[in-house]
Number of protein chains: 2
Amino acid sequence: MKILVVEDDEMINDAIVEYLSDQHYAVEAAYDGKSAWDLLEVFTYDLILLDVMLPEMDGIALCRKLRNKGMDIPILMLTARDTLDNKIEGLDAGADDYLVKPFELGELSARIRALLRRGGSTTTPVLTWGKLSLDPSTCEVFFDEKELALSPKEYKLLEFFLRNGRRVFSRAQILEHLWSFEQVPEEATVKAHIRGLRQKLESVGAPSNLIETVYGLGYRLGEEP
Amino acid sequence: MKILVVEDDEMINDAIVEYLSDQHYAVEAAYDGKSAWDLLEVFTYDLILLDVMLPEMDGIALCRKLRNKGMDIPILMLTARDTLDNKIEGLDAGADDYLVKPFELGELSARIRALLRRGGSTTTPVLTWGKLSLDPSTCEVFFDEKELALSPKEYKLLEFFLRNGRRVFSRAQILEHLWSFEQVPEEATVKAHIRGLRQKLESVGAPSNLIETVYGLGYRLGEEP
DNA sequence: GAAAAAAAATGAAAATTCTGGTAGTAGAAG
DNA sequence: CTTCTACTACCAGAATTTTCATTTTTTTTC
């Protein structure tokens, strides 16, 4: 875990760096907004500790600049000013949390843990298989940059395979997994959807064995290229 | 955006609920830890406002229980006690932020915005999508300089989409997020609002696929120009 | 190896589901 | 009282899912 400490007061900066180093974080220091920006353009950090009052470029401006650039690193603001307006300004500029000076190092540490813990699990995984990729959040499917327009059942079918590696599934198993108990259709239905999927996949140049048939057993994903 | 307020003091609870409702959030109230847990097992929320001191199950215990179950909803803790230990305990239990009573409602609102923003995909206070922009603080919506007059539900609907990028949401999911459970209407209602929104968008020249239909799955924002 | 049997693929029609539009009611707001 | 908003119901056209008859492929058996 790598943390950038942006704080112009050398004594405070040094104290924070030392404390966080003891907590086994990798820490780097910057003493003004501009040099912090320079570092951030080149290196990646897991979290930024950002003082509001800074020479060259203040914390809120830096924060805005980062967010505008699409960087979503957790930012913990440090502020000496305790007025409501400044807190709100900081949070609206895109900071994730703030701490009012003077603060205790124990609290700093707790807030850092809270922010880092949060960052980890927020990304939605995109499922891929060779050149094929499927994004469950947007329901988009691509093969080699080209988007496929799948029907709902075809989409679910493909997602099901992608979530299960190379496992073989019989048509009966597929029906059990993708259809609700109330109305399970004939196995012929699965055949039909498999066919639809294969057709659409081939139409964008996917190899014909992407979904392969295992005679007598069922279907599975073909070898990953 | 749906918020659960867990606070045993009825007066405070009511005040918060009323204030947040005015801010166009869908709000539900719970008055003890156990009933909060029951609600959370069944419904989905975008944020929890959680008092530390509660009958049945205290806030920290509830927080732990949620995190252990893998739920990563943003949690904002409310505490009357101002000692460092309790703050740290709350944050380590998995809370994302805390607020010490008594607090100003303006600050509560700012922190809620900050937490919700982190969960979603947007980092700027003004949400935009191509030529479309929506300012949550003023509730103004513009497309290409032209202002749209949206009804409250249409506004919420649009904000919800704007906060979630290209994610697909079924009508049922939309109902869960934008309506309080006491009065969840039929799915036809969502259709009606989608329609209203599309009409108003088109009337100012927005592309008709700005809110696009994903057959059988739901709705989402169309490709960003 | 070739015929028979089993399994899978194909094509196309029937049944079902989904969506967008119209219309109308109830209730709140002004 | 009028206007705006939220909600429902219903319908037709479109898209999808399902079924079924037929052909092709693979396996089994002799």
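Every chain is numbered from 1 and lettered A, B, ... according to where its sequence line falls, protein lines coming before strand lines. Remember, it's a predicted structure, so these values are computed and weren't measured experimentally.
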Looking at R111(B) and E107(B), does any basic side-chain N land under 4.0 Å from a carboxylate oxygen? yes

In whole angstrom, give the distance that lies between atom CD1 of I174(A) and atom P of dT17(D). 15 Å

Is D97(B) salt-bridged to R113(B), going by a charged N under 4.0 Å from an acidic O? no

Is H193(A) close enough to dT18(D) that one of its side-chain N or O atoms is under 4.0 Å from OP1 or OP2 there? yes

Given atom CD of Q199(B) and atom C1' of dT5(D), what is their separation to the nearest angstrom? 14 Å

Can you tell me if R198(A) touches the phosphate of dA9(C), counting only side-chain N or O atoms and a distance under 4.0 Å to OP1 or OP2? yes

Within less than 4.0 Å of OP1 or OP2 of dA5(C), is there a side-chain N or O belonging to Y215(A)? no

Please state how far atom CH2 in W179(B) lies from atom C1' in dT8(D), giving the value in whole angstrom units. 13 Å

Length of the line joining L148(B):CG and dT5(D):P, which is rounded to integer Å: 13 Å

Is there a side-chain polar atom (N or O) of R195(B) under 4.0 Å from OP1 or OP2 of dG21(C)? yes

Hey, does T189(A) reach any base, or is it just sugar-phosphate, or nothing, if we go heavy atoms under 4.0 Å? base

Is it true that R198(B) and E202(B) have a side-chain N and a carboxylate O under 4.0 angstrom from each other? no

Has T213(A) got a side-chain N or O lying under 4.0 Å from the OP1 or OP2 atom of dA7(C)? no

